[in-house]
Amino acid sequence: MLKRENIRIPVSQQALIVEKPIDTTTIGGTVTIQINEKKVSVPFGTTILDACKENQIHIPTLCHHPDLCIAGVCRICVVEVEGLRTLQTSCSFPVTSPIKIHTSTEKVRKARRHIIDLLLSEHYGECYSCFRNGNCELQSLAKEYGVDGYSFGHILEPKYKVDKSSAAVIRDMNKCILCKRCVRTCIDLQEVGVLEAINRGHETHVGTFLDKPLADVICINCGQCINRCPTAALRANDPSDEIWNAIDDPKKHVVIQTAPSPRAAIGEEFGIEPGHSFTGELNTALRRIGFDKVFDTNFTADLTIMEEGTELLRRLKKAVVEKDSSVKLPQFTSCSPGWIKFIEHFYPEYLDYLSSAKSPQQMFGAVIKTFYAKESKIDPADIITVALMPCAAKKFECNRPEMNSSGFKDVDYGLTTREMAKMIREAGIHLPEMPKSNFDEPFGNASGAGLIFGATGGVMEAALRTVYELVTGREVPFENLRIESCRGFEGIKQASIKLENCVESYNFLEGVELKFIVAHGTANAKKVMEMLQRGELSDVHFVEIMACPGGCLGGGGQPIPTSEEIRRKRAQAIYEEEEGLPVRKSHENVHIKYIYENFLTDGPCGELSHKLLHTHYTKRGKYIS
Amino acid sequence: METTLKTSKKRTGPVLFSNYQQADGIKKAIELGRENILLELKNSGLKGRGGAGFSTATKWMLSAAANAEKKFIVCNADEGEPGTFKDRVLLLEYPELVFDGMVIAGFTIGAKTGIVYLRGEYEYMLPSLEGFLNNMKEENLLGKNILEKEGFDFDINIRLGSGAYVCGEETALIESLEGYRGEPRNRPPFPVNTGYLGYPTIVNNVETLASIPHIIYKGGEWFKKNGTDKSKGSKLFSVSGDCRKPGVYELQWGTKINELLDIVEAKNCKAVQVGGASGVCLPKSQFNRSLAYEDAVTGGSIIIFDESRNMLKILKNFMEFFVEESCGQCTPCRVGNTKLLEGVENIEKGEYTFSYINKLKELGKTMQAASKCGLGQSSPNSFISILDNFKEEIFYSNRKGIKNVKA
């Protein structure tokens, strides 16, 4: 019998779990079917699409995505099943009996061609003026099926106004083919639910609540919808022209910081298999493009660990020693701007649980326009700070009104991996051919702890390495500093580490079992928040949440396509690179020591830190007028 | 328009409009027991009256066999096919048949809840139908331990649609009942296994359910004496258009179109649309065809057009209907119907070639094969049948002489 996985999501929009029949007549839970004269055995309940894939039979898909539940709406994957009057969508049809399937009959080919023709007739725009040119699933299908004209005409005027209201995501419904991957990403994968189909028939389009601009609804800017859009209907708000202008302006000192995840994925934009880091090559490319300084966001990731870790220890002290019941524990991480907007909208009454530490991006902006400006004697008014991020929400974050603690806009532009790749190509550079070079001083060598921020669990692992050592005076007791309980792609990970033989200043923590939770994707964040609401986290101390599946390496600004397999390879690249670094603990980063000795002299969570490196949050709620 | 239920019955017919006393079917059902009800139903050969013609006994057996903590009976009263109004008559004049049918269905498969999905436009019936259900409760024909049968609990509630044609499709209807957009689901899984809220659900048309008490009380043998070999029983036809006596008729399956035209006193008839907008349009030369599952099948809608009608206008009207009523979910239906309508408009303007028309007909065949639900699978029927059957009028004759056409 077929059962619904989760009652909240409509059956039409969710994956089906196929239960094996109890008195199965099939042997070993498999069914023997025939695909195009070839007999194959597949597990009971396998979809025709998966059965074909395993047997090297290609079936085109559009609305299907490995991360999402089944929709069965584009109809491009239709096949003939003997005995059935109509064609069946292979993505949604579970094999439960010994059927005979034909994947390329005249009827099938004709239907697929018709569907492509119909989609093209309503798809406004021209391929050569589109940012997805060369990476568009509709374009590829048209090529695959030899489309050489518009059989049913082609729309000549745009039907919808392009929604550019959001700082992060631009929606151009004229290019939408209604595959609803964005809808499913938003409601099913991320459980935000900003997008839904509106109207009926030829008026159908994907829209927001009352068709409001995206900036006026509860979008968290995670950009996961962009990563899963097969066409260019969704794209990030691209500031590259303004960045070029700044680079071309001799009066401006243009500084770029690069986050850990883009370097592990940008190779994909240059035709390299996922799973290869291009850190050194990227540094060279950025200098050749014309950035005056290339800094490593991992430096402020280390700084985040110092600030957030100190904050955690202070909360623990207040709770354990001073028995202060107003202290909010567990402390939640605050690096992911998608997660921040999520909690501001959905759980505004829990904002006190968030660490007040800014994200590494924003810390860097503030440090560059104060400390760096002072040290290098440049007027901060002439500094343009660019942040290369795997993220769409970072564009919103740098535009938050409170993010100007340097007296200027701390980070001027957030740039995605995709946009950076475009700029590199535009400059005539083929990234993989670049010689390697290092980051610039004074923030040169960041620790590996900062690097693993890119993967889900990375912040937790980095924090534990530092907190454990601060408290006990010893390294975390794991081989090669690998805290495996923080790693991997399980939705919610829970683990603990015991604090024993503490140093004198922390002996109030003697014997405490430090409990932590790591979650990624806001659907999992929601589950954690529900646990908090039910009072189930009372013995947990620290929670890491990343808005995007897989963490930052699966961010909304990363190369398209994405899948769990691709994200795993990116994670592997990050962890491999990390093990080769000389310094792998945030507190051992010499530049961190330097900045606390020479600039933030009242130490982590001190007065100046609070001014520059900490922030506050806004109770947004779900109802926006 | 009738707003209250009629108590005096003037209608006569072989099955549905034959005599029936409320509760007789339920009493007999209790006497027979579940197995025998299913056997009786199987013997009757009853097929779904909504138009698709799936065996009712098979549907019931599948959901009876499903193992689940809850099951549901849904009465599809979203009568939306253009030209259909027989369910309205049944609900207003024969509610005891429909509700007794639901109670028997609940008893048979072990469902405790019945839901009537009532067309939004039929909201005016709501007070009287609810009054009728209250009376049934008072008489212990609904509620706990029905007719003193231990453990026989069943209740019926009525839910209103909001005017979407597609919600007559059973899985879209279920989505709508659950509070979501009325969009058809992927099949499989079928509602008999995974229906309302994920539980096994029978969705039957009003007329199908209304046949049940007769079959159970009078027997499958009695029922199948009516109709043809492959179409057992009788059928309600909603007849409208150019005739002197439009209305609802109960006739034997197998009745010839000619015979029906005589009964309703249609003169100078040029075309008959069998099965509503999603059905086919037959010309005079095919009036000797019979109305039956094996020949010209219909969920009940018969629309008659006389010589004065412009077939292209009729087609345009149907296509406009589908362009608007497609749920917009799947590509062939959402975009395909707009292309077919565009084709009709181009023919109207005289801007077409025959290769273009043939290309559209091919597209229609893809829509029939590749659309997600019955709506897109049947919407090209009128397009293909009208262009095929009325070629002469549409492409070759001087249309200026025909009524309602701008010169």
Side-chain angles (χ1 to χ4, degrees), chain A residues 1-7 9-14 16 18 22 62-63 70-76 78 80 84-89 91-94 96 107-108 110-122 151-153 177-180 196-205, chain B residues 66-68 164-166 171-172 174-175 178-191 193-195 197-200 321-339 341-343 356 359-360 362-363 365-374 376-377:
Chain A
M1 198 203 297
L2 300 157
K3 257 201 176 173
R4 306 184 60 173
E5 190 180 10
N6 176 342
I7 225 76
I9 302 163
V11 164
S12 62
Q13 297 186 1
Q14 64 161 293
L16 296 163
V18 182
I22 302 156
L62 258 183
C63 70
I70 295 161
V73 295
C74 75
R75 317 301 290 176
I76 197 80
V78 286
E80 262 192 274
L84 295 179
R85 185 176 54 88
T86 55
L87 299 174
Q88 302 297 319
T89 40
C91 68
S92 71
F93 198 102
T96 54
K107 198 172 167 187
V108 167
K110 222 175 218 175
R112 288 184 188 158
R113 178 65 196 262
H114 271 136
I115 289 162
I116 296 168
D117 281 336
L118 291 177
L119 289 173
L120 287 175
S121 77
E122 302 236 302
S151 299
F152 300 106
I177 55 167
L178 282 162
C179 68
K180 291 199 191 167
E196 183 48 290
I198 295 182
N199 289 342
R200 214 167 54 197
H202 69 305
E203 300 283 338
T204 312
H205 63 278
Chain B
N67 198 0
Y165 170 73
V166 73
T171 58
I174 291 170
E175 285 283 296
E178 290 183 10
Y180 298 110
R181 263 174 81 81
E183 287 183 345
R185 296 175 173 176
N186 291 310
R187 301 147 63 97
F190 296 94
N193 272 326
T194 310
L197 301 176
Y199 295 107
F321 174 79
F322 287 121
V323 164
E324 199 176 305
E325 291 297 341
S326 159
C327 80
Q329 189 184 190
C330 78
T331 316
C333 178
R334 180 186 67 245
V335 196
N337 279 313
T338 63
K339 296 299 155 192
L341 174 62
E342 233 172 73
Y356 170 62
K359 208 162 74 179
L360 288 177
E362 283 295 312
L363 173 65
K365 283 179 197 157
T366 284
M367 291 164 67
Q368 289 172 331
S371 292
K372 188 165 182 173
C373 80
Q377 287 163 12

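Labels below follow one simple rule: chain letters A, B, ... track the order of the sequence lines, proteins then strands, and each chain is numbered from 1. All values below come from the heavy atoms of this structure, side chains included, with hydrogens, waters and symmetry mates left out. What you see is a predicted model, and the numbers here were worked out from it, not measured in a lab.
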Worked check of side chain to side chain contact (heavy atoms under 4.5 Å, CB included) between A/His114 and B/Met367: CA-CA 9 Å; A/His114 271 136; B/Met367 291 164 67; over 6 Å; no

Does a sphere of radius 6.0 Å around CD in B/Glu324 hold more than 12 heavy atoms from other residues, nucleotides or ligands, not counting ones at 6.0 Å or beyond?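 No, because the 6.0 Å sphere around CD of B/Glu324 holds 12 heavy atoms or fewer from other groups.
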
Salt-bridge criterion met for A/Arg113 and B/Glu362 (N-O under 4.0 Å):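 Salt bridge between A/Arg113 and B/Glu362, a charged N being under 4.0 Å from a carboxylate O: no.
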
Does any part of the side chain of A/Phe152, heavy atoms only, come nearer than 4.5 Å to the side chain of B/Leu360, both counted from C-beta?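 A side-chain contact under 4.5 Å exists here.
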
Under a 4.5 Å cutoff for heavy-atom pairs, which residue among [options] has the most contacts with chain B?
options: A/Val78, A/Leu62, A/Ile115; result: A/Ile115
options: A/Thr86, A/Val108, A/Val73; result: A/Val73
options: A/Glu203, A/Arg112, A/His202, A/Glu122; result: A/His202

Part of [X] lying under 4.5 Å from any heavy atom of chain B:
X: A/Ile116; answer: neither
X: A/Ile177; answer: backbone
X: A/Gln88; answer: side chain
X: A/Asp117; answer: neither

Test A/Arg85 against B/Gln377 for side chain to side chain contact (heavy atoms under 4.5 Å, CB included), laying out the working first. CA-CA 11 Å; A/Arg85 185 176 54 88; B/Gln377 287 163 12; 3.5 Å; yes

For chain A, which of B/Ala369, B/Gly179, B/Ser371, B/Ala164 has the most heavy-atom pairs under 4.5 Å?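 Highest number of heavy-atom pairs under 4.5 Å: B/Ala369.
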
I'd like to know if the side chain of B/Arg181 reaches the main chain of A/Ala197, judged simply by a donor and an acceptor atom lying under 3.5 Å from each other, with no hydrogens or angles considered.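 Flag set: sc B/Arg181 to bb A/Ala197 pair under 3.5 Å.
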
Is it the case that the side chain of A/Arg75 and the backbone of B/Ala370 share a donor-acceptor pair, with hydrogens and angles ignored and the cut-off at 3.5 Å? yes

Just how far is it from atom [atom1] of [X] to atom [atom2] of [Y], taken to the nearest 0.5 Å?
X: A/Phe93; Y: B/Asn186; atom1: CZ; atom2: CG; value: 11.0 Å
X: B/Lys339; Y: A/Ser151; atom1: NZ; atom2: OG; value: 10.5 Å
X: A/Glu196; Y: B/Tyr180; atom1: CD; atom2: OH; value: 10.5 Å

Give, as side chain, backbone, both or neither, the part of B/Thr171 having an atom under 4.5 angstrom from any heavy atom of chain A. neither

